[in-house]
Peer 1: 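Okay, here's the structure, questions in a sec.
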Amino acid sequence: MEKDVPLISLINASQNFGIRPLFKDLDLHINPKERLGLIGPNGAGKSTLLKAIAGTEPLMNGQRHASPLLRISLVDQKSIPNQNQSVLEEVLQGCGDKKHLLLKYNKLSKSIAEHPDQIDQLKELGKVSELMDAKNAWNLEQQCQEILQRLGITQLHTPIKNLSGGYQKRVALASALVANPDVLLLDEPTNHLDIHAIEWLQHWLKIYKGALVLVTHDRYLLDQVTTKMIEIDRGESGEYLGNYQNYLEQKLEEEKQEESIKRKFQGILRKELKWLKQGPKARSSKQKARIQRIEKLKANSFKEEKESIVIENTARRIGKKVIEIEGLRMTANNQNNGTVLLDSFSYSFEPLDRVGIIGPNGSGKSTLLDIIAGKKSPIKGKIDFGETVVVGYIDQQVNELNLSQKSQLTVIKYIEEEAATRVSFKGKEITASQLLEKFLFSPQEQHSPISKLSGGEKKRLNLCKVLINAPNVLLLDEPTNDLDVQTLGVLEDFLENFPGCVILVSHDRYFLDKTIDKVLFFEDKKLQTFQGTYTSFLQQKPSNTKVSFERKHNLKAKEIKKETRQKPLASEANNKLSTLKRLSYKEKKELNELEELIPILEKEKALLEENISNNKGNLYSLSQKLASTIEKLQFSEDRWLELSEIPN
């Protein structure tokens with residue numbers, strides 16, 4: 001059997017960041033249908049390696065080989081769509097001939113509608129229609145709509161420049177998915193998505209036919225999608241076959257073997273050094289050769305142990321009364337005339353609460369945290385804090401670090417300005433510099449300006465600043481964004497042992513399962529409470545919640561079939577939820593009618609296309625009927641899929 005020819009190869013590839021090597025002498029081959037996950041600590045060079053694979057960043061040393069005809073899509077953390085285009089135009093960008101055909105068809109249709117007597121245009125419309133048939137381009141716009149809706153974007157003709165940064169990132173992702181390239185390179189694609197969109201993306205990537213290289217902190221996504229892991233750290237790289245779970249198992253075994261060899265080596269070295277310390281008379285006549293062997297042993301080096309962030313519990317005592325919310329009302333624009341997000345909400349947080357707030361994008365999760373933190377005021381209601389409460393807030397955008405007046409401060413100056421030159425840590429006074437070292441900022445990095453930090457490093461610095469004040473209530477808004485998986489593990493352990501109240505918003509399913517035991521979920525301008533983990537919530541939440549959640553997220557896409565999705569987090573939950581709602585008599589009747597109607601519409605569409613191609617009849621009238629039939633067919637198919645997912 002012939003071996004696959006790699007689509008992209010890096011040979012002896014090296015890249016530096018200043019004096020620090022990111023990766024060196026790296027050989028990497030991306031084969032057809034490969035599923036690679038890149039893993040490593042923040043600043044290790046994962047994003048740089050993705051750009052090198054894409055060919056958008058040159059290598060310091062080594063070679064890159066790829067066919068010039070290869071279609072590659074890179075969606076990195078700085079991908080910015082064309083600001084002068086609409087959402088739909090941007091998403092169609094990578095669709096080649098299909099894009100031009102669709103735009104031309106729309107333009108001709110509009111022109112003919114205004115001037116139906118233009119025979120030349122009618123004939124041209126027929127030719128374009130025939131080409132769209134040949135290239136299967138009719139459903140392209142529907143595919144764009146489907147993917148955009150799944151990613152939370154419903155306004156297809158909105159100018160890109162009117163969208164927020166997060167929504168622009170989603171448009172960039174949608175554009176890459178619609179283009180369906182030979183090689184798809186994704187750098188933290190889940191950062192601006194909610195949980196439902198992430199689960200849909202996970203399914204899409206599993207059935208994607210091209211090669212994939214993925215950088216993500218979402219460990220469930222890594223585990224479900226990848227078949228090989230590439231680890232880069234401190235200039236070195238390693239390859240591990242299998243998914244994220246296999247990687248962890250192999251790493252554990254690797255570290256055990258390294259430790260075993262190290263122990264044996266140290267035993268031999270101790271024995272030899274003991275002999276060396278004896279008097280000359282006690283040594284054998286071959287002492288010169290033995291001394292040389294000892295020098296070689298002493299010079300032998302083992303892999304340097306990785307540094308890990310140190311997050312210690314420094315929280316001050318918390319009393320029985322923590323946060324009491326009564327009759328809270330909040331709106332989208334924080335004005336009385338704004339869209340109501342939450343109404344008449346009352347809740348008392350307990351001293352050791354571990355609460356996760358979930359809901360679709362735009363439901364008000366971050367707004368609620370801002371109100372609790374005192375950054376915003378509610379439209380109505382009050383919030384009462386216990387006397388001992390000290391709140392620490394890590395917000396989603398790390399706004400303080402992005403302020404222009406802060407960005408040019410050095411890391412050490414920022415900490416000294418925000419706290420003090422000396423801080424209390426575990427009952428001892430240490431310098432701000434020593435504290436920063438515990439958060440993996442070397443003395444050299446401490447004198448770098450904040451503007452030079454990566455997103456993960458900014459998040460780490462903000463975490464350091466928040467914990468200096470020893471809070472006993474932590475508010476965390478998307479804390480997993482930009483953090484590497486090693487730091488996430490440390491953060492999870494810290495939260496597990498934190499002697500205070502934790503209230504967090506996160507789309508990271510793994511992180512939620514590890515850290516919370518209570519869920520607050522947005523439902524019809526209310527916050528409902530569920531006692532248990534996120535997975536338990538999925539398995540046991542009330543049926544009306546499922547219906548509302550799915551309606552809000554347009555969970556009727558053609559890509560998601562009725563069969564069970566294989567994923568450890570949500571497969572059982574989805575199966576259970578699907579049994580909670582039954583088809584009504586009226587819906588059963590509608591489903592039967594649709595099953596009869598759809599074949600009729602398909603035949604009608606085919607006949608109209610044939611007549612247009614052969615110039616049979618009034619082309620203007622035929623094209624109008626065809627457009628109407630396609631619209632009816634698409635609506636009928638969508639409705640059939642929606643109803644067919646509900647059990648009889």
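FYI, side chains are in, hydrogens and waters are out, and symmetry mates aren't considered; it's all heavy atoms of this structure.
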Peer 1: When you measure from the centre of the six-membered ring of Tyr534, is the NZ or CZ of Arg509 under 6.0 Å away and within 45° of the axis?
Peer 2: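 Checked: cation-pi criterion not met.
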Peer 1: Is there a side chain to side chain contact (heavy atoms under 4.5 Å, CB included) between Lys375 and Tyr393 once you walk through the steps?
Peer 2: CA-CA 10 Å; Lys375 287 192 168 187; Tyr393 186 23; 3.9 Å; yes
Peer 1: Please work out which of the three classes, parallel, tilted or perpendicular, describes the rings of Phe521 and Phe537, given edges at 30° and 60°.
Peer 2: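 Tilted, since the angle between the ring planes falls between 30° and 60°.
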Peer 1: Report yes or no: does Arg354 contribute a side-chain atom to a donor-acceptor pair with the main-chain N or O of Leu495 at less than 3.5 Å?
Peer 2: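 Between the backbone of Leu495 and the side chain of Arg354 there is a qualifying donor-acceptor contact (under 3.5 Å).
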Peer 1: For Gln168 and Leu163, indicate whether the former's side chain and the latter's backbone hold a donor-acceptor pair under 3.5 Å.
Peer 2: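 Flag set: sc Gln168 to bb Leu163 pair under 3.5 Å.
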Peer 1: Should the heavy atoms of other residues, nucleotides or ligands under 6.0 Å from NZ of Lys24 be counted, would the total exceed 12?
Peer 2: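 Not buried by this count: 12 neighbours or fewer within 6.0 Å.
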Peer 1: Do Asp353 side-chain atoms and Cys501 backbone N/O form a donor-acceptor pair below 3.5 Å?
Peer 2: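 Between the backbone of Cys501 and the side chain of Asp353 there is no qualifying donor-acceptor contact (under 3.5 Å).
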Peer 1: Looking only at atom types and distance, does a side-chain atom of Glu89 sit under 3.5 Å from a main-chain N or O of Ser86, one as donor and one as acceptor?
Peer 2: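 Indeed, once roles are kept as given, a pair shorter than 3.5 Å links the two residues.
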Peer 1: Find out whether Leu475 and Ile372 are in side-chain contact, i.e. whether some heavy atom of one side chain is under 4.5 Å from a heavy atom of the other.
Peer 2: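 They are in side-chain contact.
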Peer 1: Has Arg329 got a side-chain atom pairing as donor or acceptor with Leu342's backbone, closer than 3.5 angstrom?
Peer 2: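 Side chain of Arg329 to backbone of Leu342, a donor-acceptor pair under 3.5 Å: no, none is there.
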Peer 1: Please assess Thr487 against Asp484 for the test side-chain hydrogen bond (donor to acceptor under 3.5 Å, both in side chains), listing each intermediate value before the final yes or no.
Peer 2: CA-CA 6 Å; Thr487 303; Asp484 58 64; 3.0 Å; yes
Peer 1: Could you tell me which residues satisfy side chain to side chain contact (heavy atoms under 4.5 Å, CB included) with Arg35, sequence neighbours excluded, listed by chain and number?
Peer 2: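 Per chain and number, Arg35 pairs via side chain to side chain contact (heavy atoms under 4.5 Å, CB included) with Tyr208, Leu212, Val225, Thr227.
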Peer 1: Is any side-chain heavy atom of Val183 less than 4.5 Å from a side-chain heavy atom of Ile8?
Peer 2: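 Side-chain contact under 4.5 Å: yes.
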Peer 1: Verify, without hydrogens or angle tests, whether Thr388 (side chain) and Gly319 (backbone) share a donor-acceptor contact under 3.5 angstrom.
Peer 2: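 A pair under 3.5 Å: yes.
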Peer 1: Would you call Glu231 and Lys251 a salt bridge, taking side-chain N to carboxylate O under 4.0 Å as the test?
Peer 2: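 Yes, charged N to carboxylate O under 4.0 Å.
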Peer 1: Atom CD in Glu478, atom CG in Asp194: separation rounded to 0.5 Å?
Peer 2: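 Nearest 0.5 Å value for the CD-CG distance: 9.5 Å.
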Peer 1: Using modelled atom types and a 3.5 Å cut-off, is there a donor and acceptor pairing between side-chain atoms of Asn61 and backbone atoms of Ala13?
Peer 2: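 Not a single qualifying donor-acceptor pair exists.
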Peer 1: Evaluate the criterion salt bridge (charged side-chain N to carboxylate O under 4.0 Å, His left out) for residue pair Arg219 and Glu492; output intermediate values, then yes/no.
Peer 2: CA-CA 13 Å; Arg219 287 152 289 179; Glu492 286 159 0; 2.5 Å; yes
Peer 1: Considering only distance and modelled atom types, tabulate donor-acceptor pairs under 3.5 Å from the side chains of residues 44-56, sequence neighbours left out.
Peer 2:
from: Lys46; atom 1: NZ; to: Gly40; atom 2: O; distance (Å): 2.8
from: Lys46; atom 1: NZ; to: Pro41; atom 2: O; distance (Å): 3.2
from: Ser47; atom 1: OG; to: Asp187; atom 2: OD2; distance (Å): 2.5
from: Thr56; atom 1: OG1; to: Lys51; atom 2: O; distance (Å): 3.3

Peer 1: Taking Pro189 as the fixed residue, which of Leu205, Asp76, Leu214, Leu177 is the one that meets the side-chain contact (heavy atoms from CB on, under 4.5 Å) rule?
Peer 2: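 Only one of Leu205, Asp76, Leu214, Leu177 forms a side-chain contact (heavy atoms from CB on, under 4.5 Å) with Pro189, namely Leu214.
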Peer 1: In chain order, what residues pass the side chain to side chain contact (heavy atoms under 4.5 Å, CB included) check against Asp27, with sequence neighbours excluded?
Peer 2: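 Result, side chain to side chain contact (heavy atoms under 4.5 Å, CB included) vs Asp27: Ile11, Asn12.
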Peer 1: Is the Tyr220 ring parallel, tilted or perpendicular to the Tyr510 ring (thresholds 30°, 60°)?
Peer 2: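 Ring orientation of Tyr220 relative to Tyr510: perpendicular.
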Peer 1: Taking atom CZ of Arg64 and atom CG of Leu28, what is their separation to the nearest 0.5 Å?
Peer 2: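 Answer for the CZ-CG pair, Arg64 versus Leu28, is 11.0 Å.
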Peer 1: With a 3.5 Å cut-off and no angle check, do the side chains of Asp513 and Thr535 form a donor-acceptor pair?
Peer 2: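 A pair is found: one side chain offers a donor N or O, the other an acceptor, under 3.5 Å apart.
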Peer 1: According to side chain to side chain contact (heavy atoms under 4.5 Å, CB included), who are the partners of Lys161, at least two apart in sequence or on a separate chain?
Peer 2: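 With sequence neighbours excluded, Lys161 shows a side chain to side chain contact (heavy atoms under 4.5 Å, CB included) to Gln83, Pro159, given in chain and number order.
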Peer 1: Ignoring hydrogens and angles, state whether a donor on the side chain of Ser448 or Glu445 is under 3.5 Å from an acceptor on the partner side chain.
Peer 2: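 No, because no side-chain N or O of Ser448 sits under 3.5 Å from a partner of the opposite role on Glu445.
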Peer 1: Can you give me the closest heavy-atom contact between Gly392 and Val466, atom names plus distance?
Peer 2: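 That closest heavy-atom pairing would be CA-CG1, 3.6 Å.
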Peer 1: Among Asp508, Leu463, Leu488, find the one that has a side-chain contact (heavy atoms from CB on, under 4.5 Å) with Leu483.
Peer 2: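 Single side-chain contact (heavy atoms from CB on, under 4.5 Å) partner of Leu483 among Asp508, Leu463, Leu488: Leu488.
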Peer 1: Is there a donor-acceptor contact under 3.5 Å from the side chain of Lys365 to the main chain of Gly359?
Peer 2: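 Checked: pair present.
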Peer 1: Under 3.5 Å, is there a donor-acceptor pair linking the side chains of Glu437 and Ser442?
Peer 2: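 No.
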Peer 1: Between the main-chain N or O of Ala197 and the side-chain N or O of Arg150, is there a donor-acceptor pair closer than 3.5 Å?
Peer 2: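 It does not hold such a pair.
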Peer 1: Counting N and O atoms only, with roles assigned by atom type, does the side chain of Ser14 sit under 3.5 Å from a partner on the main chain of Asp25, one being a donor and the other an acceptor?
Peer 2: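 Flag set: sc Ser14 to bb Asp25 pair under 3.5 Å.
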Peer 1: Any ring pair (Phe, Tyr, Trp, His ring centres under 6.0 Å) involving residues 349-374? Give me the pairs, sequence neighbours left out, ordered by first then second residue.
Peer 2: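 Only Tyr347-Phe349 qualify under ring pair (Phe, Tyr, Trp, His ring centres under 6.0 Å).
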Peer 1: Inspect the surroundings of CG in Leu352 and state if more than 12 heavy atoms from other residues, nucleotides or ligands are less than 6.0 Å away.
Peer 2: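 More than 12 within 6.0 Å, yes.
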Peer 1: If you round to the nearest 0.5 Å, how far is OG of Ser451 from NZ of Lys458?
Peer 2: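 Between atom NZ of Lys458 and atom OG of Ser451 there are 7.5 Å.
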Peer 1: State whether a side-chain donor-acceptor pair under 3.5 Å links Thr480 with His217.
Peer 2: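 Their side chains do contain a donor-acceptor pair, which is all the 3.5 Å distance test asks for.
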Peer 1: Please report the C-alpha distance between Ile232 and Leu38 in whole Å, then the side-chain angles of each, then the deciding distance to 0.1 Å, and finally whether the side chain to side chain contact (heavy atoms under 4.5 Å, CB included) criterion is met.
Peer 2: CA-CA 8 Å; Ile232 57 173; Leu38 294 185; 5.8 Å; no
Peer 1: Under the side chain to side chain contact (heavy atoms under 4.5 Å, CB included) test, which residues partner Glu239, sequence neighbours left out?
Peer 2: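 Side chain to side chain contact (heavy atoms under 4.5 Å, CB included) check on Glu239 returns Lys228, Ile230.
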